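Chain identifiers are assigned alphabetically (A, B, ...) following the order of the sequence lines, protein sequences preceding nucleic acid strands; residue numbering begins at 1 within each chain. Note that the structure is predicted; figures quoted are calculated from it, not measured.
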Number of protein chains: 2
Amino acid sequence: MAAKEHAVDPPRDEAELLARARALAGRRLAEIAADQRVTAPPDLRHHKGWVGQLIERALGATAASRAVPDFIELGIELKTLPVDRRGRPVESTFVCTVPLAEVGEVPWERSRVRGKLAHVLWVVVQGERAITVGDRQVGAALLWRPTAAQEQALKDDWEELAGIIALGDIETITGRLGQFLQVRPKAAHSRVRRRSIDTEGEMIETLPRGFYLRATFTASILQEHFALPGG
Amino acid sequence: MAAKEHAVDPPRDEAELLARARALAGRRLAEIAADQRVTAPPDLRHHKGWVGQLIERALGATAASRAVPDFIELGIELKTLPVDRRGRPVESTFVCTVPLAEVGEVPWERSRVRGKLAHVLWVVVQGERAITVGDRQVGAALLWRPTAAQEQALKDDWEELAGIIALGDIETITGRLGQFLQVRPKAAHSRVRRRSIDTEGEMIETLPRGFYLRATFTASILQEHFALPGG
DNA sequence: ATGGATCCAGTGATGGATCCAT
DNA sequence: ATGGATCCATCACTGGATCCAT
């Protein structure tokens, strides 16, 4: 209930959302947390999603943990992007879980990956472990849509990965596949198994996996927008 | 954690399960609760499943809230049956939720209703509201399998109801249909809606519903076993 | 550097049923 | 009496991601 008392209304449009995100630039996470009557954890080992959820609340995101965009009316997905001192992403970015039954049934155009990445608000945050979580500062915000070239590259990766999964060969997939989009485990721990029906109608049990964007991909997004000629 | 300290091991076989259930006969729910370091609520308005869960723990049931039998290894389902002073059931008995996509695809023989009712341990408990929950006594226990006639009657009802659902006419179903097996709402409240795909591949949103046994059916089960000739 | 492993919070579905207006 | 409405606990899954051994 305490969390509701200072809840932020959903932004009315893109401009308001972007303005709010830019107003966070330069602020320390501890300050933003204080606005919400919460405190920053000492580190993120046991609170891995904390920064993302803090920024969601600060911006008035509505879709808490549901399979819809963070800003439903605007169709915009929020992603925080942890960076090092040079402004380079320090982690890959989780996109969505791999829907075993669906992949192989739907084309790229109707895939969850494309849906999630169609329109993203990237919010840069200091991500070096040497900096206490509360002392980390929010950086730039960027409302992004993939360029035609970026979408083609993601589509190529997706079709390669989806093809393998559709054949029932998900166990052969490693994080080494895919130039920009990769598949890696997404579970509480490696003993987790999830039941599903494959394309042949067979029952299978596998470790749950997710699609992730490699850090090289998100680095290129930041490059394009912030390392302009002469900048 | 406290609940684990006095946890009861799963019964090894039918005989042990039945013996344990019969050992509860005559005991007050408050006594059984005390064994588990819990206390009986004043009434069941806000604790509707409390009695069933108390007896589950007392007997060593393993399948907490999962879509498998309560006693997995034995394939036995536990049902508490609230009765009035004459020993007649005061409520219908919930069997399982209506699986919209599945009904119409599978025959009675592979239906969830038949699976749940194939082997049931009925545990009679006083159910009159005039008696405080803690003061209610456990009654007889009965390990039951449907007779051929009972199964045929349930199958007839199921096929009528499943046929209507398969046609996409679930909204026309009322609790009045079915001689022994009926379909009624099963949800937190009447505004709940659940998405599903019907047999035509259409997206539908309906109030979640469940299959229930009418009290007349469970009354007949008790009759057969406890009102023997000369008894 | 990075691929495999892991952690928390919140939602939705299921299982335990009984309540209550008519 | 009973058909429609309702209530709690638990588990599975998703979404938020980062950790860490190599």
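- The residue among B/Arg45 and B/Leu78 whose nearest nucleotide of DNA chain C is located toward the 5' end is B/Leu78.
- With hydrogens and angles left out, the side chain of B/Gln53 and the base of D/dC8 share no donor-acceptor pair within 3.5 Å.
- Looking at the side chain of A/Tyr212, the nearest of the listed nucleotides C/dT18, D/dT18, C/dT14 is D/dT18.
- Spacing between atom CZ of B/Arg191 and atom C1' of D/dG4 amounts to 13 Å, rounded to whole angstrom units.
- Between the P atom of D/dT18 and the CD1 atom of A/Ile55 lies a distance of 11 Å, rounded to the nearest Å.
- With both pairing distances under 3.5 Å, C/dC7 is matched to D/dG16 as a Watson-Crick or G-U wobble pair.
- Atom P of nucleotide C/dC20 and atom CD of B/Glu128 are separated by 17 Å, given to the nearest angstrom.
- Applying the 3.5 Å distance criterion, the base of D/dG16 shares a donor-acceptor pair with the side chain of A/Lys186.
- Look at A/Arg194 and you'll find a side-chain N or O under 4.0 angstrom from OP1 or OP2 of D/dT14.
- Base contact: B/Arg129 has a heavy atom under 4.0 Å from a base atom.
- C/dG15 atom P lies 18 Å from atom CZ of B/Arg57, rounded to whole Å.
- Nearest-nucleotide positions on DNA chain C for B/Trp50 and A/Gly49 put A/Gly49 closer to the 5' end.
- Within the 4.0 angstrom heavy-atom criterion, no nucleotide atom of any strand lies near B/Pro208.
- Remark on DNA chain D: of its neighbouring residues B/Arg214 and B/His189, the 5'-side contact belongs to B/Arg214, judged by nearest-heavy-atom nucleotide.
- The side chain of B/Arg184 lies closest to D/dG4, out of C/dG3, D/dG4, D/dG16.
- B/Ser92 comes within contact range of at least one nucleobase, with a heavy-atom separation under 4.0 Å.
- Remark: P of C/dA13 and CD of B/Glu205 are 10 Å apart, rounded to the nearest angstrom.
- A salt bridge links A/Glu171 with A/Arg209; the closest basic N to acidic carboxylate O contact falls under 4.0 Å.
- The nearest whole Å value for the distance from the NE2 atom in B/His46 to the C1' atom in D/dA9 is 15 Å.
- When distances are taken from the side chain of B/Lys79 to each of D/dT14, C/dG16, C/dT6, the shortest belongs to C/dG16.
- Minimum atom distance to the side chain of A/Lys48 is reached by C/dT6, of the listed D/dT6, C/dG15, C/dT6.
- The partner of D/dT22 is C/dA1, by the rule that a Watson-Crick or G-U pair needs both atom distances under 3.5 Å.
- Here CZ of B/Arg214 is found 4.5 Å from CD of B/Gln182. Values are rounded to the nearest 0.5 Å.
- Of all nucleotides listed (D/dG15, C/dG15, C/dC8), C/dG15 comes nearest to the side chain of B/Lys116.
- With both pairing distances under 3.5 Å, D/dA9 is matched to C/dT14 as a Watson-Crick or G-U wobble pair.
- Looking at heavy-atom distances under 4.0 Å, A/Gly52 makes contact with sugar-phosphate atoms alone, never a base.
- Remark: A/Arg184 qualifies as a cation-pi partner of A/Tyr212 under the 6.0 Å distance and 45° angle criteria applied to the six-membered ring.
- Taking side-chain N and O atoms only, B/Arg176 has a distance below 4.0 Å to OP1 or OP2 of D/dG4.
- Comparing B/Glu91 and A/Pro82 by the nucleotide of DNA chain D whose heavy atom lies nearest to each, the residue mapping closer to the 5' end is B/Glu91.
- A close approach under 4.0 Å does occur between a side-chain nitrogen or oxygen of B/Thr80 and OP1 or OP2 of C/dA17.
- The side chain of B/Phe94 lies closest to C/dG15 when the candidates are D/dT18, C/dG15, C/dG4.
- Between the CZ atom of B/Arg193 and the P atom of C/dA13 there is a distance of 13 Å, given to the nearest Å.
- A perpendicular orientation is assigned to the rings of B/Trp144 and B/Phe217, their planes being inclined by more than 60° (bins at 30° and 60°).
- What separates CG of A/Leu81 from C1' of D/dG16 is a distance of 14 Å, to the nearest Å.
- One finds no salt bridge joining A/Arg86 and A/Glu128 here, because no Lys/Arg side-chain nitrogen approaches an Asp/Glu carboxylate oxygen to under 4.0 Å.
- Neither side chain, B/Arg28 nor B/Gln137, offers a donor N or O lying under 3.5 Å from an acceptor on the other.
- In this structure, B/Ala215 reaches neither bases nor backbone, as no heavy-atom distance under 4.0 Å exists between it and the strands shown.
- With contacts defined as side-chain heavy-atom distances shorter than 4.5 Å, the pair B/Leu81/B/Val123 does not qualify.
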